[in-house]
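Below is one structure; the comments refer to it alone.
Just so it is clear, the values below take in all heavy atoms, side chains as well, and ignore hydrogens, waters and symmetry mates. Numbered from 1 within each chain, the chains take letters A, B, ... in sequence-line order.
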Amino acid sequence: MRVADLPLAPEYVEHFEREGIAELYPPQVAAVEAGVCDGDNVVAAVPTASGKTFVAELALLTADGPGLYVCPLRALAREKYEEFDALPGVDAGISTGDYDSAASDLAANDVIVATSEKVDSAIRNGAGWVDDLACVVVDEVHLLGSPGRGPTLEVTLATLRRRAPEVQIVALSATVDNPEDIAAWLDAELVESTWRPVDLRVGVHAEGTVEFDDGSSLSVPVDAGDPASDADTEATAELVRGAVADGGQALAFVASRREAERLAERLSEERLPAVADGVDRGGDGDGGDEGDGDAVDNRETAAVEVAAELREAGGTETGDRLAETAERGVAFHHAGLSSDHRALVERSFRDRKLSVICATPTLAAGVNVPARRVVVRDQRRYTGEGTEWLPVLEVHQMCGRAGRPHLDPYGEAVLVADDREEREGLWDRYVTADPERVESKLRDPAALRTHTLALVATGIAGSQTEVLDALGGTFYASRTSNPNLGGVVGDAIASLIDDGLLAPTDAGDDAGIEATPLGEQVSRQYVTPDTGVRIVEGLEAVAGMDPETVTELTAFEIVCDTPDMVDTYLGNAERAEIYQFARTRSAELTTGMTEAEDFEGWLESVKTARVLTEWVDGASVEELVAAYRIGPGDLESRIERAEWLLGAADAIAEVVGVDMPAFASARKRLVSSTEEEDT
DNA sequence: TGCTTTGGCCTGTAGACAGCATGTC
DNA sequence: CTACAGGCCAAAGCA
């Protein structure tokens with residue numbers, strides 16, 4: 001099937017042909033046959049990089065009205081927005097927490113790109129564009145199974161379909177075990193395929209040999225030279241070296257940030273391309289010695305450019321080390337990096353200016369960074385309940401990053417094992433195993449509290465029966481003949497009434513409920529009910545405090561102690577000092593040292609509050625990062641959240657009727673400190 | 001005695017969505 | 001019932 005055969009306007013056909021898309025990939029053909037261009041609902045469970053974006057574009061361009069593209073990450077939203085906006089005659093808009101497109105009138109856009117939470121929030125705040133949609137594309141729909149965010153996605157989709165029953169739904173999923181269940185929920189045709197544009201072989205390394213799933217094998221010379229590093233790291237380094245020597249790029253996945261940095265530093269010391277050539281250039285020999293010297297030189301020049309860009313983007317200790325490794329073509333990547341550095345690393349790798357990225361598992365879920373070879377050194381990860389095996393789905397996503405269409409002849413993914421015995425284990429667990437099933441997490445009490453409140457606050461439901469009715473359209477309900485959510489929803493309603501977020505209506509016959517002004521504000525501000533409750537408690541404490549002692553620190557402490565703030569690790573070495581700080585400033589805090597039910601957690605929030613206080617008082621990123629042992633990216637995320645939560649707290653203070661100007665002033669100072677930093 | 005190896009204990013650990021309303025070079 | 005690797009320090013090993 002060719003692009004020209006599709007029911008597309010000529011300018012689109014021309015556009016796609018210019019982009020090199022002439023012939024459709026098999027999964028795309030299947031999607032067309034399933035009806036993506038005819039307004040039919042389709043679920044496509046296909047590997048990453050098998051042309052999902054094009055399927056999305058087909059649905060959006062052939063839909064009879066405006067379309068919405070929902071995805072899980074802001075960085076992905078940005079990427080798709082730019083892609084859609086480049087389509088001829090398409091006016092695209094974007095709406096995420098950190099970025100709204102300049103044309104704020106989303107109702108006028110042909111395509112809107114948004115994160116799932118932003119869509120949920122838009123519904124809660126009565127955004128007009130929600131009702132006019134003809135088509136909704138949901139990317140990474142398997143996230144339905146994610147405990148934190150899955151319920152939001154399913155409730156949001158249920159609400160969208162309820163409001164516009166005719167809306168076309170196109171859901172794109174990674175390969176999962178039960179895509180048919182998702183398709184059944186959405187009344188969609190299922191398209192399933194494992195086809196990829198580049199061949200991929202997956203293997204497991206043990207004791208110097210990689211055995212691949214296609215029966216081939218590869219021997220990896222074990223360099224026993226460096227006793228300082230273990231066998232897994234040696235094998236990883238050698239596999240990376242091999243890919244680079246071959247003119248390819250490599251991704252190496254490890255479990256922690258520190259390991260990612262260590263591996264990158266180690267690899268960068270080797271002068272990869274030169275070593276890979278088998279030529280020991282020692283310290284001097286810059287003279288052109290081989291025929292492929294040019295390629296190496298170009299790569300080196302490009303890497304030096306990247307390092308310069310990284311240095312320009314902001315100097316911290318982490319950033320300097322990153323620039324140093326990048327200079328030799330190797331970068332590390334994790335969430336502790338500033339967002340500028342992260343984006344730069346991703347982009348430079350995509351532009352082939354870097355040879356290697358050593359990363360924590362997140363890189364697999366983020367923006368598109370394909371490589372010739374992927375090496376998964378660590379398959380476990382710390383989770384708070386000890387180290388756990390990574391989900392099969394996640395490892396498959398890492399492996400799926402191997403192989404760049406048109407650039408690599410094939411992709412290779414290698415899991416590194418300790419010994420032969422473990423090779424068997426990894427083989428069974430990841431190579432031959434099916435990915436996990438996707439199951440709804442809506443039954444979780446916290447999720448139900450959030451969404452019950454939202455349904456009532458937006459006027460969708462006015463009683464327990466109506467809440468259950470609204471939830472009838474969720475993935476959860478479709479998965480069971482007897483949802484039996486009644487009891488759990490009843491509990492959620494009772495607890496929300498208890499917290500003053502809902503109230504029984506006067507009519508009182510059918511157990512009618514409505515949101516209190518507080519509940520309405522909590523829902524609109526998009527904070528969880530528990531956060532709302534914590535803010536109210538804080539305000540009650542403030543009302544009893546001497547106004548002189550209500551400061552910005554008070555405001556920061558309240559919002560940092562809510563569940564919507566990320567917690568900050570409190571090291572043993574600094575615990576005493578933070579404790580001391582809390583004691584000397586106790587008059588400004590809403591929680592007494594003895595009354596915190598979770599003392600450790602509270603002390604962590606005091607640490608976060610202290611960091612933010614110093615930030616607004618003019619401390620630099622560099623100083624804070626050094627003093628509190630957090631990454632620049634961690635500081636960014638806390639500032640961003642504090643900004644949001646202080647705004648929410650300010651709105652809640654007004655509803656509750658407590659005068660707390662510190663919320664607004666702290667927020668204003670945060671915003672201006674951030675702007676100052678930018679200049 | 002001095003240098004190296006071994007053993008045991010302590011420490012630290014992945015990631016990232018969301019509000020709202022204006023003034024601005 | 002549930003981790004575990006890396007770093008540090010001190011004690012033991014060795015010439």
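Side-chain contact annotation: A/Tyr99 with A/Arg74, donor-acceptor N/O pair under 3.5 Å absent. Of the N and O atoms on the side chains of A/Glu557 and A/Trp602, at least one donor lies less than 3.5 Å from an acceptor on the other residue. Checked by atom type, the side-chain pair A/Ser146/A/Lys441 shows no donor-acceptor distance below 3.5 Å.
When Watson-Crick and G-U wobble pairs are counted only if both distances are under 3.5 Å, B/dG15 pairs with no nucleotide at all. With a cut-off of 3.5 Å on both Watson-Crick or G-U wobble distances, the partner of B/dC20 is given as none. The nucleotide C/dC14 finds its pairing partner in B/dG2, both defining distances of the Watson-Crick or G-U wobble pair being shorter than 3.5 Å. Using N1 to N3 plus N6-O4 or O6-N4 for Watson-Crick, or N1-O2 and O6-N3 for G-U wobble, each under 3.5 Å, C/dT2 pairs with nothing.
Side-chain proximity of A/Glu259 to C/dG6, B/dA18, B/dA16: nearest is C/dG6. With distances taken from any side-chain atom of A/Arg74 to the nucleotides B/dA18, B/dT13, B/dG12, the minimum falls on B/dA18. With distances taken from any side-chain atom of A/Thr360 to the nucleotides B/dG19, B/dA14, C/dA3, the minimum falls on B/dA14. Checking B/dG19, C/dA3, C/dG7 against the side-chain heavy atoms of A/Arg262 singles out C/dG7 as nearest. Nearest to the side-chain atoms of A/Thr362 among the listed nucleotides B/dG19, B/dA16, C/dG6 stands B/dA16. For A/Ala335, the side-chain atoms get nearest to B/dG15 when compared with the rest of B/dG19, B/dT13, B/dG15. Ranking B/dG19, B/dA16, B/dT13 by closeness to the A/Asn125 side chain, first place goes to B/dG19. Closest approach to the A/Gln525 side chain among B/dG19, B/dT13, B/dG15 is made by B/dG19 (side chain taken as heavy atoms from C-beta onward). Of the listed nucleotides (C/dA3, B/dT13, B/dC17), C/dA3 has the atom at the smallest distance from the side chain of A/Thr387. You'll find that the side chain of A/Thr96 is closest to B/dA18, out of B/dA14, C/dA3, B/dA18.
OP1 or OP2 of B/dG15 has at least one side-chain nitrogen or oxygen of A/Arg257 nearer than 4.0 Å. Taking side-chain N and O atoms only, A/Arg524 has no distance below 4.0 Å to OP1 or OP2 of B/dA21. Between A/Arg629 and the phosphate of B/dG12, there is a side-chain N or O to OP1/OP2 separation shorter than 4.0 Å. In terms of phosphate contacts, A/Arg258 brings no side-chain nitrogen or oxygen within less than 4.0 Å of OP1 or OP2 of B/dG12. Distances shorter than 4.0 Å separate none of the side-chain N or O atoms of A/Ser121 from OP1 or OP2 on B/dA18. Within the 4.0 Å cut-off from OP1 or OP2 of B/dA18, at least one side-chain nitrogen or oxygen of A/Thr115 is found. Close to C/dC4, at under 4.0 Å from its OP1 or OP2, lies a side-chain N or O of A/Arg380.
Distance A/Tyr569 OH to B/dA14 C1': 15 Å, rounded to the nearest Å. Separating the NZ atom of A/Lys118 from the P atom of B/dG19 is a distance of 4 Å, rounded to the nearest angstrom. Computed from coordinates, the A/Glu636 CD to B/dC17 P distance equals 12 Å when rounded to whole Å.
Using a 30° and 60° split on the angle between ring planes, A/His334 and A/Phe332 fall in the parallel class, below 30°.
As rounded to the nearest Å, C/dG6 and B/dA14 have P atoms that lie 13 Å from one another. Comparing the P positions of B/dA16 and C/dA5 gives a spacing of 25 Å, expressed to the nearest Å.
Position along DNA chain B of the nearest nucleotide to A/Ser95 versus A/Gly336 favours A/Gly336 as the more 5'-ward residue. Residue-to-nucleotide proximity on DNA chain B shows that, of A/Leu73 and A/Pro361, the 5′-proximal contact is made by A/Pro361.
For the salt bridge (Lys or Arg N to Asp or Glu O under 4.0 Å) condition, no pair includes a residue of residues 515-525 of chain A, sequence neighbours left out.
No contact: A/Ala573 has no heavy atom under 4.0 Å from any strand.
Salt bridge absent: A/Arg641 and A/Glu636 never bring a charged side-chain N and a carboxylate O closer than 4.0 Å. Using a 4.0 Å cut-off between a side-chain N of Lys or Arg and a carboxylate O of Asp or Glu, A/Asp530 and A/Arg449 qualify as a salt bridge.
An aromatic stack links A/Trp644 and the base of B/dA18, using centre distance under 5.5 Å and interplanar angle under 30°.
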